[in-house]
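Here the structure is a predicted model, which is why all the values come from computation and not from measurement.
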Amino acid sequence: LRALLKSEEDIEVIGEAENGRQAVMAARKTPPDVVVMDVAMPLLNGLEATRQILKLVPTAKVLVLTSYGDDECVEQLMQAGACGYLIKQTAANDLLKAIREVQRGNAFFSPSIATRLRDQCRVAFTGVLQLIAEGFSNKQIAAELNISIKTVEKHRQQVMNKLNIHDVAGLTRYAIAKGMVERTVPATV
């Protein structure tokens, strides 16, 4: 990895670490622009090392390079502040591009992860919006979509921000107008 990176004129390797603690200490000593971080490391795992590095060096960008691609791992590292996520098995062609992209402030993901994230966002946006409009509570939405309440709250805020609608009544009107939920007329006795 070091040899590959050293061969690039616009990339300088300023440090290496064998474990998470060393990574944090190296980042503190010589603040990097981009950190290429593994998840499974001794002494301090990549998730906690990412949190600590970004706390110490908020301008650093973390690009995860790992063999772990499960949804929970990706979500945890994104919440910790990672800007990109590459699976080692498919990273050979994308690593240099990914480093340059995250350094510019863009996100970069292995194609399989990008597709899953896109699909999850689509489902979350429409699913959360529909369930909010149908009157479900955050707890009920979490149970229905099999996600955490915290994730529901995050999606709810993202939906409201994206649509620039900041109350449930407005979201309900929007969902009805888009045909996502049916308008119910109260029954008369």
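- Two residues are said to be in side-chain contact when any heavy atoms from C-beta on lie closer than 4.5 Å; L86 and D94 meet this criterion.
- Residues V64 and V36 are not in side-chain contact: their nearest non-hydrogen atoms beyond the backbone lie 4.5 Å or more apart.
- Between L77 and V62, every side-chain heavy-atom pair lies at or beyond the 4.5 Å cut-off.
- For the residue pair G105 and K61, the shortest heavy atom distance occurs at CA-CE, 3.9 Å.
- Closest approach of Y174 to I165, counting heavy atoms only: CB-CD1, 3.8 Å.
- Hydrophobic clustering places I11 together with L4 (ILVMFWY residues linked when any side-chain heavy atoms are closer than 4.5 Å, directly or through intermediates).
- Expressed to the nearest 0.5 Å, how far NZ of K55 lies from OG1 of T50 amounts to 14.5 Å.
- Residues passing the side-chain hydrogen bond (donor to acceptor under 3.5 Å, both in side chains) test with D167, sequence neighbours excluded: none.
- Pairs engaging residues 5-26 under the side-chain hydrogen bond (donor to acceptor under 3.5 Å, both in side chains) rule: R2-E16, E8-R100, D10-R100 [sequence neighbours left out].
- The shortest side-chain heavy-atom distance between V57 and V35 does not fall under the 4.5 Å cut-off.
- Of all heavy-atom pairs spanning A60 and P32, the tightest one is CB-O, 3.6 Å.
- Among all heavy-atom pairs drawn from G20 and M41, the shortest one is CA-CE, 3.6 Å.
- When every heavy atom of L171 is checked against every heavy atom of M160, the shortest pair comes out as CD1-CE, 3.6 Å.
- Annotation: salt bridge (charged side-chain N to carboxylate O under 4.0 Å, His left out) contacts involving residues 153-166, sequence neighbours excluded, are absent.
- Across every non-hydrogen atom of A82 and L54, the tightest pair is N-CD1, 4.3 Å.
- The hydrophobic clustering, which links ILVMFWY residues whose side-chain heavy atoms are closer than 4.5 Å, places I149 and V128 apart.
- Atom CD in E101 sits 12.0 Å away from atom CG in L96 (nearest 0.5 Å).
- To the nearest 0.5 angstrom, F108 atom CZ is 14.5 Å from Q103 atom CD.
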* For the pair L131 and E134, evaluate side-chain contact (heavy atoms from CB on, under 4.5 Å) and give the outcome as yes or no after the intermediate values. => CA-CA 5 Å; L131 294 171; E134 289 177 357; 3.9 Å; yes

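- The shortest distance between side-chain heavy atoms of L65 and D38 does not fall below 4.5 Å.
- In terms of the side-chain hydrogen bond (donor to acceptor under 3.5 Å, both in side chains) criterion, residue partners of Q52 (sequence neighbours excluded) are, by chain and number, E48.
- Taking T172 as the reference, nothing meets the side-chain hydrogen bond (donor to acceptor under 3.5 Å, both in side chains) condition, with sequence neighbours excluded.
- The OG1 atom of T66 sits 11.0 Å away from the CG atom of L63 when rounded to the nearest 0.5 Å.
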* How far apart are the C-alpha atoms of H166 and N161, what are their side-chain angles, what is the distance that settles it, and do they pass the side-chain contact (heavy atoms from CB on, under 4.5 Å) test? -> CA-CA 8 Å; H166 301 287; N161 291 343; 3.9 Å; yes

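- Q140 meets the side-chain hydrogen bond (donor to acceptor under 3.5 Å, both in side chains) test with S137; sequence neighbours excluded.
- Summarising the geometry, atom NZ belonging to K88 is positioned 9.0 Å from atom CG belonging to L1; distances are rounded to the nearest 0.5 Å.
- In the hydrophobic clustering of this structure, M25 does not group with M37; members are Ile, Leu, Val, Met, Phe, Trp, Tyr whose side-chain heavy atoms approach within less than 4.5 Å, directly or through other members.
- Within the 4.5 Å cutoff, no side-chain heavy atoms of I53 are placed close to those of R28.
- A donor-acceptor pair under 3.5 Å links the side-chain atoms of S110 to the main chain of I87, judged by distance alone.
- With contacts defined as side-chain heavy-atom distances shorter than 4.5 Å, the pair V39/Y85 qualifies.
- Considering only heavy atoms from C-beta on, D33 stays 4.5 Å or farther from I14 through its side chain.
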